[in-house]
Amino acid sequence: MVAATKHIFVTGGVASSLGKGLTASSLGNLLRARGLRVTMQKLDPYLNVDPGTMNPFQHGEVFVTEDGAETDLDIGHYERFLDVNLNARANVTTGQVYSEVIAKERRGEYLGDTVQVIPHITNEIKRRMRAQAGGSPGVADADAPDIIITEIGGTVGDIESLPFLEAARQVRHDLGRDNSMFVHVSLVPYLAPSGELKTKPTQHSVAAMRQVGLQPDALVLRADREIPESIKRKISLMCDVDIDAVTAAVDAPSIYDIPKVLHREGLDAYVIRRLGLNFRDVAWSAWDELLRRVHTPAHEVEVALVGKYIDLPDAYLSITEAMRAGGFAHDAKVRIRWVTSDSCETEAGATKALGGVDAILVPGGFGVRGIEGKVGALRWARERGIPTLGICLGLQCMVIEYARHVAGIAGASSSEFDPQTPAPVIATMAEQLAYVEGAGDLGGTMRLGSYAAKLLEGSVVAEAYGSVSVEERHRHRYEVNNRYRDQLSDAGLVFSGTSPDGNLVEFVELPADVHPYYVGTQAHPEFKSRPHRAHPLFAGLIGAAIDRQRSLRLVEVEPPRPGTVAS
C-alpha cells in the first residue's frame, strides 16, 4: 500500500493580504529543495466557479494552467516557486463545490438524503482536497506527491471559509495528526504611540481557529520589523504552539528572499520533524545566484507597461514577474513605469508618458476602453525603434496600428470594439461567435490552455526560442482576420508564427533589420516564466533594451570626426 500523501493547510488571520500565498509557495519551494515531491492548491471561498468573469480590479489577474483552467493568481506563485505545471485541481472554489453537489442532487445521486453543508458539501471539498493524493482515482503511485500544501483563502472568522475549515479538520481526522498539520499566518502589528509590537491580534486569531476545532501547529508572524524572542515566546505560550514552530516573517526586500527567511527561522526543518519526512539539505547555490541578480544586478532598464488596469498591479502580476525574470537572465534590474493607456492616444501624450523608457510592453485585456491609447503607444514605439512586446490584446493592437498607419487599411479595428468596422482586421473566432452573441455562457468558454505553434525559420521569435516549434497558454476569443493577412504581409508585417495548420496567427513581428525588437504573441507567455528560467520573449525584450542602452551611450561618447563640429 502506498504511503499516505501528507497534508499541510495554510490559513490566515487578522487581515487579508498578509502573504499566505507567498508563505505557502516559499514553504513548498523549501520542501522541494529538500528532495520532496510537493504539489499545491488554493481554496477560494467566493461563489464564482472561477475568476474568469471577474473584473481585474476586483480580483487581479486570471492565471491559466496548461489544461486551460482559469485560476487564482496565487497558482502563478505556486508554479514559479515550485517550478512545476499545475492543473485545474490546484484551484477549488465554493462555486465549483456547490455546483457539483447541486448537480448530483438533481441527478438523484444522494438517494433521497436531505442535502446539507455537513456532510455533503464538506465531503465534496475533502474529495477535491485529496484529489492529487496517493491512492486517489487517476493518480498513479509514481505520480503521487509526498505533500499537498493547501492554502485556504480568506481570513479565519469569515463565514464564507467555514466549510473549508471544517473539511480541513475532517481531513486531519482522517489522516491522523502525524500526517497533517496547520500553518497559520498572522499579523503582529507595531503601534507607534506605545512603541510596541502587539500579540493580542494573533491570540484572538488562534482563538477563532479553536472555535471551529482547529489548533495551529506552526505560526508565521508577519511584521514590518524584527520580532524579539520575548514576543515569540509569549505567542508560543498563549497560543499553545511549540517555540520552534513560531516563525518571524519580517518584510523582505524581494519576494524571492522569503524562502531564505523561512529557512533561517527553521520552519521547513520543523515541518519535516513534525511530519516525519525523509529529506536532504537544501542546496542554495542556484537560489543564491538568483538573489545576487535580484539585489546587485549589473544593469538597469526601465520598461513601460501600457495597460488599463494599472491602478491594481496584481492585474498584471505574472507579466511583471516575467519582466523581472527577463532582467535576471541578463543580470539586470527591471524598473516598471506604469502607464495608463488612455494617456497615449496622441503623439504628444505618448511622448510625455513614454519618453526615456528602454522598452515597452502592451499586455492583454478586454473591452474597448484604452484601446486607442494602446494603438498610440505602439505607433510611437514602432516609429522610434523602441523594443516592444505585445501580449494577446497587445498583438491585436499591433495589427490594428500597422493596418491603419502602414498598410493603409482605413477604419481598421477589431469587431470586439466596433462591430460595424469596415475593416475588421481582428475578428471573432468562428467557434466563439455564439458566445459573443449571447447564445452561450461566457465563463470558461474562451480559447484556453496550451496550444502548439509553428514558427517561421529565421524569424525574431524563432531565434528567441531557439526552435520553430513551441507551445504556449492562451486566453482569448478574437484572432487576426485571415482575409487581411496578405495585405498586411505585403506592407511588411511578418506573421512569424501560426497554429500547426496555418489557420490561426500566433506571432507577428517586424524584421530585425527594420526594428530592434517588435514582437507580438496571441498567447500569454508570462504564465510559463520562472524566476531562474526567463521566458524567451521576455528575455529577448530586456536584451534588446540593454542593447539599445549601449548603442545610445556609444552615440553620446563617440568623439566628433575631424572637420566636424561637436553638437
Side-chain angles (χ1 to χ4, degrees), residues 55-57 60-62 302-320 323 334-407 409-427 475-478 480 488 493 508-510 515 517-522 524 526 541 545:
N55 188 313
F57 281 125
E61 77 170 6
V62 175
E302 184 178 29
V303 181
L305 192 155
V306 183
K308 59 182 182 178
Y309 310 122
I310 64 170
D311 289 336
L312 183 68
D314 274 359
Y316 301 111
L317 183 61
S318 289
I319 283 177
T320 56
M323 281 200 281
V334 174
R335 286 188 294 110
I336 298 171
R337 182 188 296 187
W338 297 92
V339 176
T340 179
S341 52
D342 288 333
S343 66
C344 298
E345 286 192 23
T346 65
E347 182 177 3
T351 299
K352 182 179 179 181
L354 303 173
V357 299
D358 301 301
I360 293 171
L361 187 143
V362 179
F366 295 90
V368 69
R369 185 177 66 82
I371 295 305
E372 292 305 319
K374 291 189 176 188
V375 169
L378 288 165
R379 181 179 188 180
W380 190 91
R382 177 181 58 79
E383 293 179 344
R384 287 161 177 78
I386 310 296
T388 303
L389 176 60
I391 293 176
C392 196
L393 180 61
L395 172 142
Q396 296 173 10
C397 289
M398 281 181 162
V399 172
I400 292 169
E401 189 281 321
Y402 204 85
R404 290 178 184 176
H405 303 123
V406 181
I409 303 174
S413 189
S414 166
S415 59
E416 177 184 6
F417 317 134
D418 181 7
Q420 307 306 319
T421 177
V425 294
I426 305 296
R475 183 176 182 253
H476 62 102
R477 295 189 194 278
Y478 292 82
V480 175
L488 290 163
L493 188 64
V508 303
E509 64 182 57
L510 291 178
H515 195 288
Y517 194 86
Y518 194 79
V519 170
T521 174
Q522 185 62 79
H524 285 273
E526 67 271 20
L541 178 70

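- Residue Arg382 forms a side-chain hydrogen bond (donor to acceptor under 3.5 Å, both in side chains) with just one option from Glu401, His405, His515, and that option is Glu401.
- Rounded to the nearest 0.5 Å, atoms CD1 (Ile336) and OG1 (Thr320) are 5.0 Å apart.
- Side-chain atoms of Val480 and Ile426, non-hydrogen and from C-beta on, do get closer than 4.5 Å to each other.
- We find that Glu526 and Arg475 are not joined by a salt bridge, their nearest charged nitrogen and carboxylate oxygen being 4.0 Å or further apart.
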Verdict with supporting geometry, Val339 and Ile310, side-chain contact (heavy atoms from CB on, under 4.5 Å): CA-CA 7 Å; Val339 176; Ile310 64 170; 5.6 Å; no
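- Closest of all the heavy-atom pairs between Ile386 and Ala359 is CG2-CA, 3.9 Å.
- Atom SG of Cys392 and atom CD1 of Ile319 lie 9.5 Å apart (nearest 0.5 Å).
- The backbone N or O of Val303 lies less than 3.5 Å from no partner atom in the side chain of Asp358, so there is not a single donor-acceptor pair.
- Contact of the Val519 side chain with the Thr388 side chain is not registered, since no non-hydrogen atoms from C-beta on lie closer than 4.5 Å.
- No side-chain heavy atom of Tyr402 sits under 4.5 Å from any side-chain heavy atom of Val508.
- The closest side-chain heavy-atom distance from Leu354 to Cys344 is below 4.5 Å.
- Looking at every heavy atom in both residues, Gly356 comes nearest to Arg337 through C-NH2, 4.2 Å.
- A donor atom on one side chain and an acceptor atom on the other are found under 3.5 Å apart for Ser318 and Glu61.
- In this structure, Ser413 OG and Ile371 CD1 are separated by 8.5 Å, a value rounded to the nearest 0.5 Å.
- If you take CZ on Arg477 and CD on Glu416, they are separated by 9.5 Å, rounding to the nearest 0.5 Å.
- At least one donor-acceptor pair closer than 3.5 Å links the side chain of Thr346 to the backbone N or O of Gly349.
- No side-chain heavy atom of Leu393 sits under 4.5 Å from any side-chain heavy atom of Tyr478.
- Closest non-hydrogen pair, Thr421 versus Ala412, comes out as OG1-C, 4.3 Å.
- If you take CE on Met323 and CG on Leu541, they are separated by 8.0 Å, rounding to the nearest 0.5 Å.
- Separation of atoms CD (Glu372) and CG (Asp342) is listed at 10.5 Å; rounding is to 0.5 Å.
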Steps toward side-chain contact (heavy atoms from CB on, under 4.5 Å) verdict (Arg404, Arg379): CA-CA 10 Å; Arg404 290 178 184 176; Arg379 181 179 188 180; over 6 Å; no
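- The minimum heavy-atom distance between Lys374 and Val306, with the atom names listed, is CE-O, 3.8 Å.
- In this structure, Tyr316 contributes its side chain and Tyr309 its backbone to a donor-acceptor pair below 3.5 Å.
- For Ala427 against Ser415, the heavy-atom pair with the smallest separation is CA-OG, 3.4 Å.
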After noting the C-alpha distance and the side-chain angles of Leu510 and Leu493, does the key distance pass the side-chain contact (heavy atoms from CB on, under 4.5 Å) rule? CA-CA 6 Å; Leu510 291 178; Leu493 188 64; 4.2 Å; yes
